[in-house]
Amino acid sequence: MEADASVDVYSKVLENQLLQSAKLVEEHLDSEIQKLDQMDEDELEHLKEKRLEALRKAQQQKQEWLSKGHGEYREIPSERDFFQEVKESKKVVCHFYRDSTLRCKILDRHLVILSKKHLETKFLKLNVEKAPFLCERLRIKVIPTLALLKDGKTQDYVVGFTDLGNTDDFTTETLEWRLGCSDILNYSGNLMEPPFQSQKKCGTNFTKVEKKTIRGKKYDSDSDDD
(Lines give C-alpha, C1' and ligand atoms only; values in the text may rest on other atoms or scores of the structure.)
Protein backbone atom coordinates (compact mmCIF):
# COMPACT_ATOMS: atom_id res chain seq x y z
CA MET A 1 0.00 0.00 0.00
CA GLU A 2 2.82 2.39 0.89
CA ALA A 3 4.49 1.69 -2.44
CA ASP A 4 1.24 2.43 -4.30
CA ALA A 5 0.86 5.68 -2.38
CA SER A 6 4.42 6.71 -3.28
CA VAL A 7 3.75 6.02 -6.96
CA ASP A 8 0.56 8.10 -6.80
CA VAL A 9 2.40 11.01 -5.18
CA TYR A 10 5.19 10.83 -7.76
CA SER A 11 2.64 10.70 -10.61
CA LYS A 12 0.83 13.76 -9.28
CA VAL A 13 4.08 15.70 -8.89
CA LEU A 14 5.10 14.80 -12.44
CA GLU A 15 1.68 15.73 -13.77
CA ASN A 16 1.84 19.11 -12.02
CA GLN A 17 5.29 19.77 -13.47
CA LEU A 18 4.08 18.95 -16.97
CA LEU A 19 1.05 21.19 -16.55
CA GLN A 20 3.24 24.01 -15.28
CA SER A 21 5.61 23.63 -18.24
CA ALA A 22 2.70 23.59 -20.69
CA LYS A 23 1.29 26.70 -19.05
CA LEU A 24 4.61 28.57 -19.41
CA VAL A 25 4.86 27.60 -23.08
CA GLU A 26 1.29 28.71 -23.67
CA GLU A 27 1.90 32.04 -21.95
CA HIS A 28 5.00 32.63 -24.04
CA LEU A 29 3.10 31.87 -27.26
CA ASP A 30 0.27 34.18 -26.20
CA SER A 31 2.80 36.94 -25.55
CA GLU A 32 4.38 36.49 -28.99
CA ILE A 33 0.99 36.45 -30.70
CA GLN A 34 0.00 39.61 -28.85
CA LYS A 35 3.18 41.34 -30.03
CA LEU A 36 2.44 40.35 -33.62
CA ASP A 37 -1.17 41.55 -33.31
CA GLN A 38 0.05 44.95 -32.13
CA MET A 39 2.47 45.40 -35.04
CA ASP A 40 1.52 47.47 -38.03
CA GLU A 41 2.28 46.41 -41.61
CA ASP A 42 5.58 48.28 -41.78
CA GLU A 43 6.87 46.63 -38.61
CA LEU A 44 5.83 43.18 -39.86
CA GLU A 45 7.55 43.79 -43.17
CA HIS A 46 10.71 44.94 -41.38
CA LEU A 47 10.66 41.81 -39.18
CA LYS A 48 10.20 39.63 -42.25
CA GLU A 49 13.15 41.32 -44.00
CA LYS A 50 15.38 40.84 -40.94
CA ARG A 51 14.61 37.13 -40.83
CA LEU A 52 15.17 36.71 -44.57
CA GLU A 53 18.49 38.55 -44.30
CA ALA A 54 19.54 36.26 -41.43
CA LEU A 55 18.67 33.23 -43.54
CA ARG A 56 20.64 34.60 -46.50
CA LYS A 57 23.70 35.21 -44.33
CA ALA A 58 23.45 31.73 -42.83
CA GLN A 59 23.27 30.20 -46.30
CA GLN A 60 26.24 32.26 -47.49
CA GLN A 61 28.24 31.17 -44.45
CA LYS A 62 27.36 27.54 -45.10
CA GLN A 63 28.51 27.78 -48.73
CA GLU A 64 31.75 29.46 -47.65
CA TRP A 65 32.47 26.65 -45.16
CA LEU A 66 31.75 23.98 -47.76
CA SER A 67 34.05 25.68 -50.27
CA LYS A 68 36.87 25.44 -47.71
CA GLY A 69 36.38 21.72 -47.13
CA HIS A 70 34.11 21.79 -44.12
CA GLY A 71 31.32 19.20 -43.88
CA GLU A 72 33.58 16.19 -44.40
CA TYR A 73 36.38 14.42 -42.57
CA ARG A 74 39.45 14.55 -44.82
CA GLU A 75 42.97 13.27 -44.78
CA ILE A 76 45.66 15.75 -45.75
CA PRO A 77 48.85 14.39 -47.32
CA SER A 78 51.54 16.62 -45.83
CA GLU A 79 52.62 19.17 -43.25
CA ARG A 80 52.47 21.92 -45.87
CA ASP A 81 48.77 21.17 -46.46
CA PHE A 82 48.16 21.38 -42.71
CA PHE A 83 49.36 24.99 -42.50
CA GLN A 84 47.28 26.01 -45.52
CA GLU A 85 44.12 24.32 -44.23
CA VAL A 86 44.48 25.85 -40.76
CA LYS A 87 45.04 29.32 -42.22
CA GLU A 88 41.77 29.12 -44.19
CA SER A 89 39.39 28.25 -41.33
CA LYS A 90 38.63 29.74 -37.93
CA LYS A 91 38.06 26.39 -36.17
CA VAL A 92 39.96 23.20 -37.01
CA VAL A 93 40.20 19.73 -35.47
CA CYS A 94 43.17 17.70 -36.71
CA HIS A 95 43.55 14.02 -35.81
CA PHE A 96 47.18 12.93 -35.66
CA TYR A 97 46.96 9.21 -36.28
CA ARG A 98 48.88 6.05 -37.11
CA ASP A 99 47.49 3.33 -39.41
CA SER A 100 48.11 0.43 -37.04
CA THR A 101 46.65 2.08 -33.94
CA LEU A 102 43.18 0.73 -33.14
CA ARG A 103 41.99 3.77 -31.24
CA CYS A 104 42.70 5.99 -34.23
CA LYS A 105 40.13 3.98 -36.17
CA ILE A 106 37.64 4.37 -33.32
CA LEU A 107 38.11 8.14 -33.42
CA ASP A 108 37.68 8.15 -37.21
CA ARG A 109 34.12 6.82 -36.91
CA HIS A 110 33.06 9.60 -34.54
CA LEU A 111 34.84 12.35 -36.45
CA VAL A 112 33.05 11.42 -39.68
CA ILE A 113 29.72 11.98 -37.91
CA LEU A 114 30.75 15.25 -36.25
CA SER A 115 32.19 16.68 -39.47
CA LYS A 116 28.78 16.44 -41.12
CA LYS A 117 26.93 17.83 -38.10
CA HIS A 118 29.23 20.76 -37.34
CA LEU A 119 29.89 22.67 -40.54
CA GLU A 120 31.39 25.51 -38.51
CA THR A 121 34.46 23.35 -37.85
CA LYS A 122 36.95 21.79 -40.26
CA PHE A 123 37.88 18.15 -39.49
CA LEU A 124 41.19 16.79 -40.76
CA LYS A 125 43.52 13.84 -40.19
CA LEU A 126 47.28 13.60 -40.70
CA ASN A 127 49.53 10.55 -40.50
CA VAL A 128 52.27 11.18 -37.92
CA GLU A 129 54.78 9.32 -40.08
CA LYS A 130 54.40 12.08 -42.68
CA ALA A 131 54.61 14.97 -40.21
CA PRO A 132 57.70 14.61 -37.99
CA PHE A 133 58.40 18.37 -37.87
CA LEU A 134 54.81 19.23 -37.03
CA CYS A 135 54.57 16.56 -34.33
CA GLU A 136 57.74 17.90 -32.72
CA ARG A 137 56.52 21.49 -32.97
CA LEU A 138 53.12 20.65 -31.45
CA ARG A 139 54.71 18.25 -28.93
CA ILE A 140 52.54 15.35 -29.98
CA LYS A 141 53.79 12.27 -28.12
CA VAL A 142 50.67 10.10 -27.75
CA ILE A 143 48.64 8.57 -30.57
CA PRO A 144 45.83 9.31 -31.13
CA THR A 145 45.90 13.03 -30.41
CA LEU A 146 43.43 15.66 -31.60
CA ALA A 147 44.89 19.13 -32.02
CA LEU A 148 42.22 21.83 -31.63
CA LEU A 149 43.08 25.05 -33.44
CA LYS A 150 41.36 28.41 -33.52
CA ASP A 151 42.42 31.35 -35.67
CA GLY A 152 45.53 29.44 -36.74
CA LYS A 153 46.72 28.78 -33.17
CA THR A 154 46.61 25.56 -31.14
CA GLN A 155 44.13 26.05 -28.29
CA ASP A 156 43.91 22.58 -26.78
CA TYR A 157 44.55 18.86 -27.26
CA VAL A 158 42.52 15.70 -26.74
CA VAL A 159 45.17 13.14 -25.89
CA GLY A 160 44.08 9.50 -26.07
CA PHE A 161 40.71 8.69 -24.50
CA THR A 162 41.35 10.00 -20.98
CA ASP A 163 38.92 12.92 -21.37
CA LEU A 164 36.34 10.67 -23.01
CA GLY A 165 35.63 8.40 -20.06
CA ASN A 166 38.73 6.16 -20.40
CA THR A 167 36.84 3.70 -22.59
CA ASP A 168 36.84 2.58 -26.20
CA ASP A 169 33.03 2.67 -26.13
CA PHE A 170 32.59 6.40 -25.67
CA THR A 171 29.71 7.96 -27.58
CA THR A 172 29.92 10.53 -30.36
CA GLU A 173 28.17 12.96 -28.00
CA THR A 174 30.99 12.51 -25.47
CA LEU A 175 33.56 13.56 -28.06
CA GLU A 176 31.25 16.37 -29.16
CA TRP A 177 31.01 17.54 -25.53
CA ARG A 178 34.80 17.48 -25.12
CA LEU A 179 35.31 19.55 -28.27
CA GLY A 180 32.56 21.90 -27.11
CA CYS A 181 34.47 22.47 -23.87
CA SER A 182 37.26 23.98 -25.97
CA ASP A 183 34.76 26.02 -28.00
CA ILE A 184 36.03 24.37 -31.17
CA LEU A 185 32.45 23.56 -32.18
CA ASN A 186 28.98 24.74 -31.16
CA TYR A 187 27.77 22.33 -28.46
CA SER A 188 24.13 22.67 -27.47
CA GLY A 189 24.23 20.42 -24.39
CA ASN A 190 25.32 21.07 -20.82
CA LEU A 191 29.09 21.60 -20.72
CA MET A 192 29.07 21.24 -16.94
CA GLU A 193 28.02 17.58 -17.10
CA PRO A 194 29.96 15.19 -19.36
CA PRO A 195 27.72 12.63 -21.10
CA PHE A 196 29.77 9.77 -19.63
CA GLN A 197 28.95 10.98 -16.10
CA SER A 198 25.28 10.18 -16.66
CA GLN A 199 26.31 6.81 -18.09
CA LYS A 200 28.32 6.20 -14.93
CA LYS A 201 25.22 6.76 -12.82
CA CYS A 202 23.51 4.03 -14.83
CA GLY A 203 26.27 1.57 -13.96
CA THR A 204 28.31 1.66 -17.16
CA ASN A 205 31.76 0.10 -16.74
CA PHE A 206 34.80 1.91 -18.05
CA THR A 207 37.99 0.41 -19.39
CA LYS A 208 41.20 1.72 -17.88
CA VAL A 209 43.48 2.93 -20.66
CA GLU A 210 47.13 1.96 -20.25
CA LYS A 211 49.72 3.83 -22.30
CA LYS A 212 52.64 1.93 -23.76
CA THR A 213 55.57 2.91 -25.90
CA ILE A 214 55.66 1.95 -29.56
CA ARG A 215 58.90 0.08 -30.21
CA GLY A 216 61.33 2.08 -32.31
CA LYS A 217 59.12 5.20 -32.30
CA LYS A 218 59.12 8.40 -30.34
CA TYR A 219 55.33 8.28 -29.88
CA ASP A 220 53.36 6.62 -27.11
CA SER A 221 50.26 4.72 -28.12
CA ASP A 222 46.99 5.03 -26.27
CA SER A 223 45.85 1.83 -27.95
CA ASP A 224 46.31 -1.73 -26.76
CA ASP A 225 47.57 -2.89 -30.15
CA ASP A 226 51.20 -2.55 -31.10
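Just so you know, these numbers come straight off a predicted model, no measurement behind them.
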Student: What are the two closest non-hydrogen atoms of Leu191 and Gly180, and how far apart are they?
Tutor: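 Of all heavy-atom pairs spanning Leu191 and Gly180, the closest is CD2-C, 3.7 Å.
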Student: Give me the atom names and distance for the closest heavy-atom approach of Thr154 to Leu149.
Tutor: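 In terms of heavy atoms, the two residues are closest at OG1-CD2, 3.5 Å.
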Student: So how far is it from Leu134 CG to Glu79 CD, rounded to the nearest 0.5 Å?
Tutor: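 Taking CG in Leu134 and CD in Glu79, the distance rounds to 5.5 Å.
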Student: Tell me whether Lys62 at atom NZ has more than 12 heavy atoms from other residues, nucleotides or ligands lying less than 6.0 Å away.
Tutor: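 Check fails, neighbour count at 12 or below.
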Student: According to the interplanar angle, ranging from 0 to 90°, do the rings of Phe83 and Phe133 count as parallel (below 30°), tilted (30 to 60°) or perpendicular (above 60°)?
Tutor: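 The rings of Phe83 and Phe133 sit tilted, inter-plane angle from 30° to 60°.
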Student: Where is the tightest heavy-atom contact between Leu138 and Phe96, given as atom of each residue plus distance?
Tutor: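 Looks like CD1-CZ, 3.8 Å.
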Student: Kindly say whether Gly69 contributes a backbone atom to a donor-acceptor pair with the side chain of Arg74 at under 3.5 angstrom?
Tutor: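 At least one qualifying donor-acceptor pair exists.
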Student: List the residues meeting side-chain hydrogen bond (donor to acceptor under 3.5 Å, both in side chains) with His70, not counting sequence neighbours, and say none if there are none.
Tutor: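 By the side-chain hydrogen bond (donor to acceptor under 3.5 Å, both in side chains) rule, His70 matches Ser89.
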Student: Could you tell me whether Glu72 and Lys116 make a salt bridge, using a distance below 4.0 angstrom between a side-chain N and a carboxylate O?
Tutor: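 Salt bridge absent between Glu72 and Lys116.
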Student: Going by distance alone, is a donor N or O of one side chain under 3.5 Å from an acceptor N or O of the other, for Arg178 and Ser182?
Tutor: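 Yes.
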Student: Considering non-hydrogen atoms only, spot the tightest contact between Ser115 and Phe123 and give its length.
Tutor: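 Of all heavy-atom pairs spanning Ser115 and Phe123, the closest is CA-CD1, 3.4 Å.
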Student: Identify whether the distance between the nearest side-chain nitrogen and carboxylate oxygen of Lys117 and Glu176 falls below 4.0 Å.
Tutor: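 The answer is yes: the pair qualifies as a salt bridge.
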Student: First locate atom CG of Leu114, then atom CD of Glu173, and finally report the distance between them rounded to the nearest 0.5 Å.
Tutor: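 Going from CG on Leu114 over to CD on Glu173, the span is 10.5 Å.
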Student: Using 0.5 Å steps for rounding, measure from the NZ atom of Lys125 to the OH atom of Tyr73.
Tutor: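 The OH atom of Tyr73 is 4.5 Å from NZ of Lys125, to the nearest 0.5 Å.
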Student: Heavy-atom count check: over 12 atoms from other residues, nucleotides or ligands less than 6.0 Å from Arg80 CZ?
Tutor: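 No - once you tally the heavy atoms of other residues, nucleotides and ligands closer than 6.0 Å, there are 12 at most.
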Student: To check you understand the geometry: which heavy-atom pair defines the closest contact between Thr101 and Pro144, and what is its length?
Tutor: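 Answer, listing the atom of Thr101 first, then Pro144: CG2-CD, 4.4 Å.
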Student: Using the side chain to side chain contact (heavy atoms under 4.5 Å, CB included) rule, take Val158 and Thr145 through it: C-alpha gap first, then chi angles, then the decisive distance, then the call.
Tutor: CA-CA 6 Å; Val158 179; Thr145 287; over 6 Å; no
Student: In plain terms, say whether Glu88 and Lys122 are close enough for a salt bridge, that is, a side-chain N and a carboxylate O under 4.0 Å apart.
Tutor: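 Looking at Lys122 together with Glu88, the answer is yes, because their closest N to O distance falls below 4.0 Å.
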Student: Is Asp183 salt-bridged to Lys91, cutoff N-O under 4.0 Å?
Tutor: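 Here Asp183 pairs with Lys91 in a salt bridge, since their nearest N and O are under 4.0 Å apart.
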Student: Checking side-chain polar atoms at under 3.5 Å, does His118 have a donor or acceptor matched by the opposite partner on Tyr187?
Tutor: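 Absent: no donor and acceptor within the cut-off.
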Student: Ignoring hydrogens, what is the shortest heavy-atom contact between Tyr97 and Asn127? Give both atom names and the distance.
Tutor: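 Answer, listing the atom of Tyr97 first, then Asn127: CE2-N, 3.2 Å.
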Student: Is it the case that atom CZ in Arg56 sees more than 12 heavy atoms from other parts of the structure closer than 6.0 Å?
Tutor: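 Counting neighbours around CZ of Arg56, more than 12 heavy atoms of other residues, nucleotides or ligands fall under 6.0 Å, so yes.
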Student: Using the benzene-type ring in the case of Trp, are the ring centres of Phe170 and His110 under 6.0 Å apart?
Tutor: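 They qualify: ring centres under 6.0 Å apart.
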Student: Quick one: hydrophobic cluster around Ile113, which other residues, with the 4.5 Å side-chain cut-off, linked directly or via members?
Tutor: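 Its cluster partners, ordered by chain and number, are none at all.
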Student: Taking atom OG1 of Thr121 and atom CG of Leu111, what is their separation to the nearest 0.5 Å?
Tutor: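 That separation rounds to 11.0 Å.
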Student: From Ile140 CD1 over to Leu146 CG, what is the distance, rounded to the nearest 0.5 angstrom?
Tutor: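 So the gap between those two atoms works out to 9.5 Å.
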